[in-house]
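What follows is a short report on a single structure.
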There are 2 protein chains.
Amino acid sequence: MDPFDDPRLTAMGLLAEVSTGLAAELGKTFSAAGLSEVDFETLIRLARSPRHQLRMSDLAGQTSLSTSGITRVVDRLEREGLVRRSPCSTDRRASYAVLTEAGVNRLTALIPQHLEDIDTWFTSLLTPEQLATFLETLRTIRDVVRPCATAGVESAEHVATG
Amino acid sequence: MDPFDDPRLTAMGLLAEVSTGLAAELGKTFSAAGLSEVDFETLIRLARSPRHQLRMSDLAGQTSLSTSGITRVVDRLEREGLVRRSPCSTDRRASYAVLTEAGVNRLTALIPQHLEDIDTWFTSLLTPEQLATFLETLRTIRDVVRPCATAGVESAEHVATG
DNA sequence: CGTTGATGTTTGCGCGAACAACTTTCTACA
DNA sequence: TGTAGAAAGTTGTTCGCGCAAACATCAACG
């Protein structure tokens, strides 16, 4: 009679609520450090990449932002001195975004509080077994909805495949 | 040495990737039906509420949108005839957003594909036990990060508490 | 009954992101 | 080698959203 209370809708709504609610809590620490969520996402992706650098389009692939969005984010971060652009030696169309010393420092200052936030609002709520199971499930879904989430990671080591 | 590969960062990143990746897939069906994700979220919240209606501010509370955002979403949906505003008889400041017949129809037409999408990208990837465990974990987190997610649900039945 | 503060909703403004068009450079193929 | 098409990145435009202010109404208190 009422098709609007299907358990699949509830499940999906729950996932969305958790994700946005968690992001809202964690975002407080970002803005206290003068960063938006997108800024942090960009910086941390760079920090976790080899040589602290990533091509603009790979950055776009990893962060669900469009390439024009990445252009502007990197513009902002470059203006603040947290990132710099570096030309790619083998492809003159491409640029790398590279984390600067200041960018590393900003992240380093931010991360302890961020990790504490993750504990408070997420990991400490679960037993280690619960957490492990949860992450395993997330990986299962991730591998299907995000087959290319590692763009630029392995290809950075096989330059010819770019 | 490198504090940027903490497992908590990975865990949080995984959750964010799954949520945004899933939203991106499901969003294709929404836009095929001429709706944005926010539109759908708004309509489905109304559909799942008693009498298919909700006060503007309760709608804002349920959807991580600001009240001004809700004003504009309802403006758009009202222009399309999917929702109408209805004054509250007991408080002349308040308005209800009410799903119209056309709104119900639009949702009803959309939902079969949406449910299939959720199956394809989410629930069918897991065993029933995995899914149940996953949802249980999500609820645990939700109860902490979103203590007021049910705004307007129970209060709609005790009008005096509004 | 009038005043003060709180609450619900809407509007002015500015920012941030997507889309599409454009420039430059690369790759493939003849 | 020269040309066609693809790919990387940037820019113009538009639109959605949050913030703060404004407006209307309510509740409490004298």
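Every chain is numbered from 1, with letters handed out A, B, ... down the list of sequences.
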- Note on the structure: The residue, B:V38 or A:I70, whose nearest nucleotide of DNA chain D is more 5′ is A:I70

- Item | Nearest-Å distance for atom pair CD/C1', residues B:E78 and C:dT10 | 13 Å

- Task: Inspect the contact between A:D5 and B:R48 and indicate whether a charged nitrogen and a carboxylate oxygen are less than 4.0 angstrom apart.
- Result: no

- Of B:R93 and A:R93, whose nearest nucleotide on DNA chain C comes first from the 5' end? B:R93

- Figure out the CG/P separation between A:L65 and D:dA8, and round it to whole Å. 17 Å

- Note on the structure: Rounded to whole Å, the CZ-P distance (B:R55 to C:dT10) equals 12 Å

- What is the nucleic acid contact for A:S95, judged by heavy atoms within less than 4.0 Å: base, sugar-phosphate only, or nothing? sugar-phosphate

- Once you round it to whole Å, what is the distance between P of C:dC15 and CZ of A:R79? 11 Å

- Return yes if the base of C:dC19 and the side-chain atoms of A:S66 contain a donor-acceptor N/O pair under 3.5 Å, otherwise no. no

- Query: So what does A:S64 touch, heavy atoms closer than 4.0 Å: a base, only the sugar-phosphate, or nothing?
  - Reply: sugar-phosphate

- Item | Below 4.0 Å: OP1/OP2 of D:dC26 and any side-chain N or O of B:R92 | yes

- Between B:D119 (side chain) and B:E116 (backbone), is there a donor-acceptor pair under 3.5 Å? no

- Side-chain N or O of B:S57 less than 4.0 angstrom from OP1 or OP2 on C:dT9? yes

- Message: Once you measure the plane-to-plane angle for A:F122 and A:F134, does it fall in the parallel (<30°), tilted (30-60°) or perpendicular (>60°) bin?
- Response: perpendicular

- Between C:dG8, D:dA20, D:dG9, which nucleotide has the shortest distance from any of its atoms to the side chain of B:S68? D:dA20

- Length of the OH-C1' vector between A:Y96 and D:dG9, whole Å: 14 Å

- Just to confirm, is there a sub-4.0 Å distance from OP1 or OP2 of C:dT10 to any side-chain nitrogen or oxygen of B:R85? yes

- If you measure from the Lys or Arg side-chain nitrogens to the Asp or Glu carboxylate oxygens, is any gap between B:R76 and B:E80 under 4.0 Å? no

- Note on the structure: To the nearest angstrom, the CZ-P distance between A:R72 and D:dA8 comes to 19 Å

- Expressed in angstrom and rounded to an integer, what is the separation of A:E37 atom CD from C:dC15 atom C1'? 16 Å

- Check A:R146 against A:T63 and note the closest heavy-atom contact, atom names and distance. NH2-C, 4.4 Å

- Atom-pair distance (CG on A:L77; P on C:dA17), nearest Å: 10 Å

